[in-house]
Amino acid sequence: MTAPPPNIVAEHGLSGEEYERILDILGRAPNHLELGIFSVMWSEHCSYKSSKVWLKTLPTTAPWVIHGPGENAGAVDIGGGLAAIFKMESHNHPSFIEPYQGAATGVGGILRDVFTMGARPIANLNALRFGDPNHPKTRHLLAGVVAGIGGYGNCVGVPTVGGEVNFDPGYNGNILVNAMTVGIAPKDRIFTSQASGVGNSIVYTGSKTGRDGIHGATMASAEFGEGAEEKRPTVQVGDPFTEKLLIEACLELMATDAIVAIQDMGAAGLTSSSFEMASKGGLGVELDLDRVPCREDGMTPYEMMLSESQERMLMVLKPGREDLARGVFEKWDLDFAVIGRLTDTGRMVLRMHGETVGDLPIDPLAEAAPEYRRPYEDTPEAPAIAPSAVPAPDDTGAALRRLLGSPDLCSRRWIWEQYDHMVMADTVQRPGGDAAVVRIHGTTRALAITTDCTPRYCQAAPHLGGAQAVAEAWRNLTAVGARPLAVTDNLNFGNPERPAVMGQFAGCVQGIGEACRALEFPVVSGNVSLYNETNGKAIPPTAAIGGVGLIEDLERTADIALKAAGEALVLIGETRGHLGASLYLREVADRREGAPPPVDLAAERRNGDFVRGLIGAGTVTTCHDLSDGGLAVALAEMALAGDLGAQVTPPEDPALPPLHAWLFGEDQARYLVTVPTSEPVLEAARRAGVPAVRIGTTGGDALTLPGGQPIFVAELRAAHETWLPAYMGETPAD
Amino acid sequence: MKAAVIVFPGSNCDRDVQVALAQAMARHAQKGGGGGTPTMVWHKDSDFEAVDLIVLPGGFSYGDYLRCGAMAAQSPVMKEVMRRAGKGVPVLGICNGFQILTEAGLLPGALVRNANLKFVCRDVTLRIETSQSLFTARYEAGAKIRVPVAHHDGNYIAADEDFERMEERGQIAFRYCAPDGTLTTAANPNGSARNVAGVFNETKTVLGLMPHPERLAEDALGGTDGRPLFDGLVEALS
Amino acid sequence: MKARVHVTLKPGVLDPQGKAIHKALSGLGFDTVERVRQGKVIEIELAETDPARARESLRQMCEKLLANTVIENYAIELDG
Amino acid sequence: MKARVHVTLKPGVLDPQGKAIHKALSGLGFDTVERVRQGKVIEIELAETDPARARESLRQMCEKLLANTVIENYAIELDG
Ligand SMILES: Nc1ncnc2c1ncn2[C@@H]1O[C@H](COP(=O)(O)OP(=O)(O)O)[C@@H](O)[C@H]1O
Ligand SMILES: [Mg+2]
């Protein structure tokens, strides 16, 4: 085996120091194949080398947690002998290069993470960030990403039930596509990747291996530069039809006792999947690469081991179950091949044409994976902005219309109507509310699911932003009546080698950890995406949180649509009129500054528990949490959903902030509910020590806000529904 | 009643329609009829037990690659479905099932890409064009119902002379309409000619429709306008 | 033996893709475009050396699967 | 002036459509089929009489819209 020249080492993204470590581990120079394997295994994407020290600080346990981080996805007990299994994952770089395929394969990848564990996927969500709407690429990227997510999810037949979208110039050169899948499995039949049984067969199934995506994992960890376009041929094409077959075939085989361990081939394909299975089981593997089903002639071992072809799985079978498994996969027209076996050597030995082409020790490679405590700098504190320092609008109604029609707040209907959000016939709350509600099939219980992050808060104050994202997810689940169970996170940042970026990362993770602890909302899975920057400019720190909660009784849930005239509107939580870093400040006053609203986790928990209690008792008819755009926007959304107006009168309170701050402030830990009569609820709130105040009454076809003319709901609807379709060039007659 | 749901590789509304039918059968059983559950029939099976109703479910059979429904129409089970349809066994095709029926020649016309080229998933209003059929007997002619669509290729086309014949024989089952029943472009989610959402064969024993009645056949899912279709079938075929 | 099958919509049959491409091209400023139709090409490699047999077999593939003859025409092109 | 633009997947790029058609053809008993790839043809009529200008304009259409040059190749064919 000949040593690779230094430029080849550098091209594999390995530092000199890392290369020295390889020489130590092998006691010789690696050949090209081995170098490739080290390179992907030690890439940021696979090794989490910059993030690990911080991720370890997150709370990951609770009595209901079955599997925390470390498996393909997290698993929590949802009662009835079932587990919810979920995870979120980024496909940012591929989606920027080829939005349709990048987003589509992102959905495919996260689905596999979930059904690998034995779960039938029941819902997909997507958290998306695009650049400035006026940037020449934004429209094309948005169209492609949405079509790709729909194209894949619709075909596999898993409903896409929610997500979030933001636009910010900070994403001009690096969009974010974070996809989340939730699945359900029998609690006692969860599959992991831990191999066991020396001599057991290693089986390959799914699609054939092609030359696509080779070095995708290293690409996902490399900062974009001007030459990014040249990397294009590494784009993978997804085949959702094969994925659908793979889901059905895997679930069919999982119902038997044939499988010992199973692992999808994601980033770094055959390399990381076989490595991980062996490493977790403390065993070795021997692979016979001649047997790998290939799409192209003459593929080299390097190409086979590093290919990121989609829709592939690796399994360890119990002895003698090969024929059973083969029968299942052939029934579903999928490739099936025994490509190797487990050994007790602790080594990965790769053979082709009767020769050993690679030989690596497994544990040392995994244990010696670099782990960096990178230097970091805290983000300087943003100045607090007093409500009175922000000018009131000339016209409250016009300000509200403007907010509702702004890119970050307008209706996402144009997006979710391209997603089949109802297939499987269990979608109880469709997109448009606080959290999607998906029934647990055949029961009257349901899961509530949401994704949340406010990047402008994370940017101004990372620690607070991280906590706020968790709090908002928790609140969104609470607002539909669910008991929040656990979260998955998707941490999207710039180059961690820059202390300022590392400071954002550390801050967000600390904030997430704090909020998760306070809310008993542990992190059970997640994903880190670093190097999201172009020419030295990092994206806004974006700590996307996917939250899952449980609804015990579908009769006891709430949605955001106003139901009947004459009901009381009750605002729960304290309103100080915080306008720093708010959407009002940005969209109406054209200022991007200030400290975000403080997050009081004790208040968050107390107010949320109170609201959940009201929903559980069947007291409230409607519930919406307050977030972007504050009270006025929340109320408008409720009016739109119910096609019913309301009249608002601010409470008489000497401490009331200026009216515009009261209406548009983004104070946290708040909900707006409707009740037939307000007194009992106000009384219960007093007893619970929860701030609550009646602020108006439902009815009519217009929204009457203090200090303004009534605005017809129809007018609000036009403002809310117009921007996105118009931006995408659609005329109503289309 | 005995019903069979055909499962093609890539079908994904097979369970949904099975549940909707089973619920209709359970309701019928409560009134003294027989209950049961539709059986699933795998596309490679060239024969299956005698049934009173065959359902081709929604989804993306064979990925909808080449043309939607084209490969499914050639699968082994379809020979048998066509043979039985020829003998008068009722066949219901929903969404992808409708596409398969046109590809197999059991229904006239073809379904092409939506006019705006986008997948569309939303509730639409349908006008019941006739109650004179096995499938629509439980609706009143002219009634408006709300059911969802979810498809990429639901744009129905047929030659003018085919249309004349179909209109004459009452072969149009459903049309997309505004809430007041008028046939507007805005109410048409995919550009279908004459706002057609569903059609019968000449004997009205085969129905294909793009909307998904099985998705709004339960209160918990937000509506029950799809229910009478299944209740009517179960009642008539039991 | 290599073959190409061209599948095109029959004249008069609505072509949403062609229409949308036309509109998009006009939107991009390509104002000399007068008509656009979209079709498919299916490239097939056959283990068959006899052109007549190859052509007949391709014809059957078209009739059975590759084209929907209600709305589409097909043309077979054999290499070499 | 009439033109045809052929858009095909670059070599090595997965072609799920072609793969599925291949399987379906085999299932129908066409067992001599060895490989299938699917592509698009876009027929365009141009109000342009100069072939060089037509070709250049078509090339731009391909780069901008007709082909996804990340994964597809294109070929332009001018009639007459
Ligand atoms: N990319 C998307 N895909 C599907 N649904 C989306 C997407 N983006 C937003 N939505 C839906 O739109 C609604 C409003 O989103 P958002 O404003 O982020 O809600 P909230 O402020 O309650 O977190 C939610 O129901 C959400 O699921
Ligand atoms: Mg909310």
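These numbers were taken from a predicted model, which means no experiment stands behind them. Naming: A, B, ... by sequence-line order, numbering from 1 per chain.
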Structural part of Leu25(C) lying under 4.5 Å from a heavy atom of chain D: both
Using the side-chain contact (heavy atoms from CB on, under 4.5 Å) rule, take Ile44(C) and Val33(D) through it: C-alpha gap first, then chi angles, then the decisive distance, then the call. CA-CA 7 Å; Ile44(C) 300 184; Val33(D) 176; 4.1 Å; yes
Quick check on Lys23(D): does its NZ atom have over 12 non-hydrogen neighbours (other residues, nucleotides or ligands) under 6.0 Å away? yes
CZ-CD distance between Arg37(C) and Glu45(D), expressed to the nearest 0.5 angstrom: 10.0 Å
Using a cut-off of under 4.5 Å on heavy-atom pairs, state which of Gln38(C), Met61(C), His22(C) scores highest against chain D. Met61(C)
With only heavy atoms counted, which part of His6(D) is less than 4.5 Å from chain C, the side chain, the backbone, both or neither? side chain
What distance separates Lys2(C) NZ from Glu34(D) CD, expressed to the nearest 0.5 Å? 11.5 Å
Quick one: pull up CD1 in Ile42(D) and CD in Gln17(C) and give me the separation to the nearest 0.5 Å. 9.5 Å
Validation row: Val41(D), Thr8(C) side chains within 4.5 angstrom (heavy atoms): no
Heavy-atom distance under 4.5 Å to chain D: side chain of Gln60(C), backbone, both or neither? both
In Å, rounded to the nearest 0.5 Å, how long is the span from CD1 of Ile21(C) to NZ of Lys40(D)? 7.0 Å
